[in-house]
2 protein chains.
Amino acid sequence: MAGVSVASVSRFINSPDKVRAETRERIRLAMQECNYRYNYVAKVFATQRTQTIGLVIPTITNTVFADSTRGLQDEATRRGYQVLMVNADYDPDAEGELVRHLLERQVDGLVITASDPHGAIAGELATAGIPAVFLYSTLSEGPVSSVGIDNERGGFDATAHLADLGHERIAMLAGSFTSSDRSRHRYDGYRRCLSERGLEFEPGLVVEIPYGLEHCREGVARLMEAAQPPTAIFASNDLMAIGVMGELRAFGLSVPRDVSVVGFDDVLMSSYVAPRLTTIRQPVYEMGRRAAQMVLDALDRGGQSVPRHLILDHELVVRESTASLRRA
Amino acid sequence: MAGVSVASVSRFINSPDKVRAETRERIRLAMQECNYRYNYVAKVFATQRTQTIGLVIPTITNTVFADSTRGLQDEATRRGYQVLMVNADYDPDAEGELVRHLLERQVDGLVITASDPHGAIAGELATAGIPAVFLYSTLSEGPVSSVGIDNERGGFDATAHLADLGHERIAMLAGSFTSSDRSRHRYDGYRRCLSERGLEFEPGLVVEIPYGLEHCREGVARLMEAAQPPTAIFASNDLMAIGVMGELRAFGLSVPRDVSVVGFDDVLMSSYVAPRLTTIRQPVYEMGRRAAQMVLDALDRGGQSVPRHLILDHELVVRESTASLRRA
DNA sequence: ATGAAAGCGCTAACAT
DNA sequence: ATGTTAGCGCTTTCAT
């Protein structure tokens with residue numbers, strides 16, 4: 001239509017300076033006239049590269065994942081990559097499914113917040129043949145790279161803060177261990193703190209619930225209707241901590257007067273709720289950025305690289321939801 | 001490798017029953033041996049159909065969009081489609097960009113929460129040549145289908161609730177009009193209510209801010225530091241309403257004792273914050289489901305169909321953040 | 001600066 | 001039940 005070959009059109013699209021101005025104009029006109037639309041799928045098919053990194057997150061409902069995704073997205077965009085995000089709803093089986101799906105879609109790299117980085121997913125990633133990194137998990141070894149914080153120490157620090165305030169009956173409301181190794185590691189830290197402080201561990205003070213605000217009611221009920229209810233609750237993440245505070249109020253209990261609550265993540269919302277939530281801050285934007293960096297760097301090096309395990313610093317942020325124990 | 005043609009392999013993948021059991025086994029073995037991975041991109045390229053519907057949302061940080069996306073996702077999955085979600089960060093220019101991007105990616109249909117369905121995006125969609133629907137907007141006509149609620153009436157109802165409680169100085173903290181026609185329509189309803197109730201409209205009582213919790217501080221400051229501060233605030237959405245409540249507390253003000261607050265959306269979080277938020281509920285899951293339904297139905301009919309404009313019911317949910325005006 | 005042509009991995013129509 | 005083959009729209013190498 002423009003009287004040129006497809007090669008010239010391709011050049012026009014990808015490096016306009018390689019085609020004469022006059023030809024450029026002819027092509028532009030023809031494109032306009034026939035309402036040309038570039039077919040990205042054909043390009044990917046031809047080049048075998050999508051310039052896309054696949055991202056698997058546990059849920060879209062907890063905004064931490066939105067925040068880390070932003071970091072990942074920014075870094076990817078900066079380096080000419082896109083990100084294809086899918087959520088697994090905290091379901092380990094779905095994770096494998098989604099990874100396969102992303103692989104079929106020819107993503108160039110993968111970052112995943114997995115339920116269990118030691119589970120089946122590890123093998124899946126190992127054979128994928130593209131750079132992959134685990135995000136959020138605490139890993140110090142293994143064939144696939146990772147970036148996260150030390151969740152065990154985070155759990156320890158949260159619990160220690162409560163112990164420092166004089167609490168002895170400290171409960172943990174944990175997101176289900178099978179759907180999150182972070183929850184398990186935070187629990188490990190909780191246990192270690194209890195033992196180091198000489199506090200007795202009571203199985204009844206740990207309740208494991210599925211992730212999500214809507215499951216907090218039952219968890220809080222189990223905790224507070226016991227013969228000896230806790231005076232402080234450590235929740236696996238801020239979302240659930242906010243859920244806990246809501247349910248505590250429904251029980252006629254006041255935070256922090258009757259019970260102290262600490263969360264994990266330091267989601268923006270946590271500075272806005274009443275009372276403002278004490279929590280463990282994770283540098284999530286930075287974590288997302290670093291994860292992208294790792295897969296992009298590997299890609300730059302031709303896909304091959306030694307696995308790295310990056311553990312960033314977390315930080316206790318004391319706000320209004322925790323207070324000294326009032327002795328009866 | 002299995003001694004069969006590519007056609008048989010294709011059949012094996014897409015309709016295994018069309019190939020003899022013995023051949024099936026040979027293929028399976030060969031696949032295993034050479035670590036075969038299906039190339040989805042090639043399939044899309046060959047068939048010219050992605051079985052994917054593109055979704056553009058304003059932000060991933062407000063969980064309403066997560067909720068409507070779930071409805072959309074469920075319906076799509078049920079009918080064998082996937083959804084490719086991208087977020088525009090409330091930027092009208094980004095919306096156009098993303099739509100073009102999705103089109104290049106050959107999505108079969110499009111659903112978009114647009115800043116302004118009457119803006120440039122409308123033309124973009126009209127020429128796209130694939131089914132598209134606007135989600136969340138109040139539209140009763142136009143070439144592209146839509147599903148939403150009556151945002152003007154929603155804004156009216158929110159304001160009327162405050163007026164019914166005796167408030168006369170009712171402010172609106174609005175998400176920027178240029179990035180959301182919903183905000184504009186809710187504002188229109190606010191204005192109509194004021195006028196119907198014989199309440200004087202004061203420009204100083206309307207402040208427009210960018211979306212996001214982090215911008216609420218300035219908005220609340222502008223409102224409450226005025227000579228005659230409002231006794232009630234209607235916020236464009238729940239997220240901002242929660243932000244408002246947080247900032248009001250920072251000002252030493254109590255909700256609802258000193259000022260009443262009403263939001264919009266009825267996000268799950270709104271039942272957990274303190275005080276529990278009074279708001280206008282949108283049936284967002286259903287909205288997402290219906291949007292998917294519309295594009296999928298159009299696709300089933302071969303892409304052609306008359307535009308439909310669906311307006312679902314909203315509902316005022318009265319909780320704890322609003323109270324009768326205490327006269328000085 | 002431009003053109004010719006091979007090739008990316010699959011599907012689908014047709015033939016056997 | 002299986003094989004043959006054209007073709008999807010682009011990139012890229014090699015010629016000119």
Side-chain angles (χ1 to χ4, degrees), chain A residues 1-52 80-82 100-108 128-130 299 302-303, chain B residues 1-52 80-82 100-108 128-130 299 302-303:
Chain A
M1 189 162 160
V4 300
S5 71
V6 294
S8 288
V9 178
S10 182
R11 276 187 281 263
F12 170 79
I13 292 167
N14 296 297
S15 34
D17 42 307
K18 283 188 183 164
V19 15
R20 199 157 32 126
E22 191 217 323
T23 318
R24 233 162 24 211
E25 191 53 19
R26 282 218 309 285
I27 296 177
R28 212 184 49 71
L29 250 41
M31 277 186 168
Q32 201 156 50
E33 193 165 346
C34 70
N35 210 285
Y36 171 82
R37 174 111 55 204
Y38 183 75
N39 187 330
Y40 185 80
V41 173
K43 170 234 178 73
V44 166
F45 182 52
T47 58
Q48 305 290 85
R49 306 201 73 214
T50 46
Q51 301 273 92
T52 296
Y81 276 72
Q82 293 144 8
R100 273 189 295 280
H101 181 79
L102 291 170
L103 254 18
E104 288 187 355
R105 290 223 174 198
Q106 311 296 107
V107 295
D108 297 331
I130 59 172
L299 249 18
Chain B
M1 191 162 159
V4 300
S5 70
V6 293
S8 287
V9 176
S10 181
R11 276 187 282 262
F12 171 78
I13 292 167
N14 297 297
S15 34
D17 42 309
K18 282 187 184 164
V19 15
R20 198 160 31 129
E22 192 217 322
T23 318
R24 243 177 357 228
E25 191 53 19
R26 282 218 309 286
I27 296 177
R28 211 183 51 70
L29 250 41
M31 278 185 167
Q32 202 156 51
E33 194 166 345
C34 68
N35 211 286
Y36 170 82
R37 176 112 53 203
Y38 184 74
N39 186 329
Y40 185 79
V41 173
K43 171 236 179 72
V44 167
F45 181 52
T47 58
Q48 305 290 83
R49 306 199 74 213
T50 47
Q51 302 272 96
T52 297
Y81 276 72
Q82 294 145 8
R100 274 189 296 281
H101 181 79
L102 290 170
L103 255 19
E104 288 187 353
R105 289 223 175 200
Q106 310 295 106
V107 294
D108 297 331
I130 59 171
L299 249 17

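Within every chain, numbering begins at 1; the chains are lettered A, B, ... in the order of the sequence lines, protein sequences first and strands thereafter.
Set against C:dT11, D:dT2, C:dA4, the side chain of A:Ala7 has C:dA4 as its closest nucleotide. For A:Thr47, counting side-chain heavy atoms from C-beta on, the closest listed nucleotide (D:dT2, D:dT12, D:dG3) is D:dT12. Of the candidate nucleotides C:dG9, D:dC10, C:dA4, D:dC10 has the atom nearest to the side chain of A:Ala42. In the set D:dT2, D:dT5, D:dC8, the nucleotide with an atom closest to the side chain of B:Arg11 is D:dT2.
Contact annotation for B:Val4: backbone-only contact, meaning every heavy-atom pair under 4.0 Å involves sugar-phosphate atoms and none involves a base. If you check every strand for non-hydrogen atoms under 4.0 Å, B:Tyr36 touches sugar and phosphate atoms only. Residue contacts shown for A:Ser10 include a base, since a base heavy atom lies under 4.0 Å away. Residue B:Val44 is out of contact with every strand shown, counting any heavy-atom pair closer than 4.0 Å.
Residue A:Gln48 places none of its side-chain N or O atoms closer than 4.0 Å to OP1 or OP2 of C:dG7. Between B:Arg20 and the phosphate of D:dT2, there is a side-chain N or O to OP1/OP2 separation shorter than 4.0 Å. Taking only side-chain nitrogens and oxygens, A:Gln106 never comes nearer than 4.0 Å to OP1 or OP2 of C:dC8. The side chain of A:Asn39 places no N or O atom within less than 4.0 Å of a non-bridging phosphate oxygen (OP1 or OP2) of D:dC8. At the phosphate of D:dC8, neither OP1 nor OP2 sits under 4.0 Å from any side-chain N or O atom of A:Tyr40. Proximity of B:Ser5 to the phosphate of D:dT4: no side-chain N or O atom is located under 4.0 Å from OP1 or OP2.
Take the nearest nucleotide of DNA chain C for A:Arg26 and for A:Phe45: the residue whose nucleotide is more 5' is A:Arg26. Comparing A:Asn14 and B:Val19 against DNA chain D, the residue whose closest nucleotide sits nearer the 5' end is B:Val19.
For the pair B:Arg24 (side chain) and B:Val19 (backbone), a donor-acceptor distance under 3.5 Å is present.
We find that CD of A:Glu22 is positioned 11 Å from C1' of C:dA1, with the value rounded to whole Å. The separation between A:Glu25 atom CD and C:dA1 atom P is 17 Å, rounded to whole Å. Rounded to an integer number of Å, the gap from CZ of A:Arg105 to C1' of C:dG9 is 16 Å. In this structure, A:Phe12 atom CZ and D:dG9 atom P are separated by 19 Å, rounded to whole Å. Straight-line distance from the CE atom of B:Met1 to the C1' atom of C:dG9: 17 Å, rounded to whole Å. Protein atom OH of B:Tyr38 is 15 Å distant from nucleotide atom C1' of C:dC8, rounded to whole Å. When the P atom of D:dC14 is taken as reference, atom NZ of A:Lys18 falls 14 Å away, rounded to whole Å. Here the P atom of nucleotide D:dT12 and the CZ atom of A:Arg49 are 11 Å apart, to the nearest Å.
Counting heavy atoms from C-beta outward, B:Thr52 and B:Leu102 have side chains that stay 4.5 Å or more apart. Put simply, the side chain of A:Leu299 reaches to within 4.5 Å of the side chain of A:Arg49, judged on heavy atoms. Using a 4.5 Å heavy-atom cutoff, the side chains of A:Val41 and B:Val41 are in contact.
Minimum interatomic distance between B:Ser8 and B:Ile27 (heavy atoms only, all atoms of both residues): O-CD1, 3.9 Å.
In this model, no donor atom of one side chain and acceptor atom of the other lie less than 3.5 Å apart for A:Arg11 and A:Thr23.
With hydrogens and angles ignored, no donor-acceptor pair closer than 3.5 Å exists between the side chain of A:Arg37 and the base of D:dG9.
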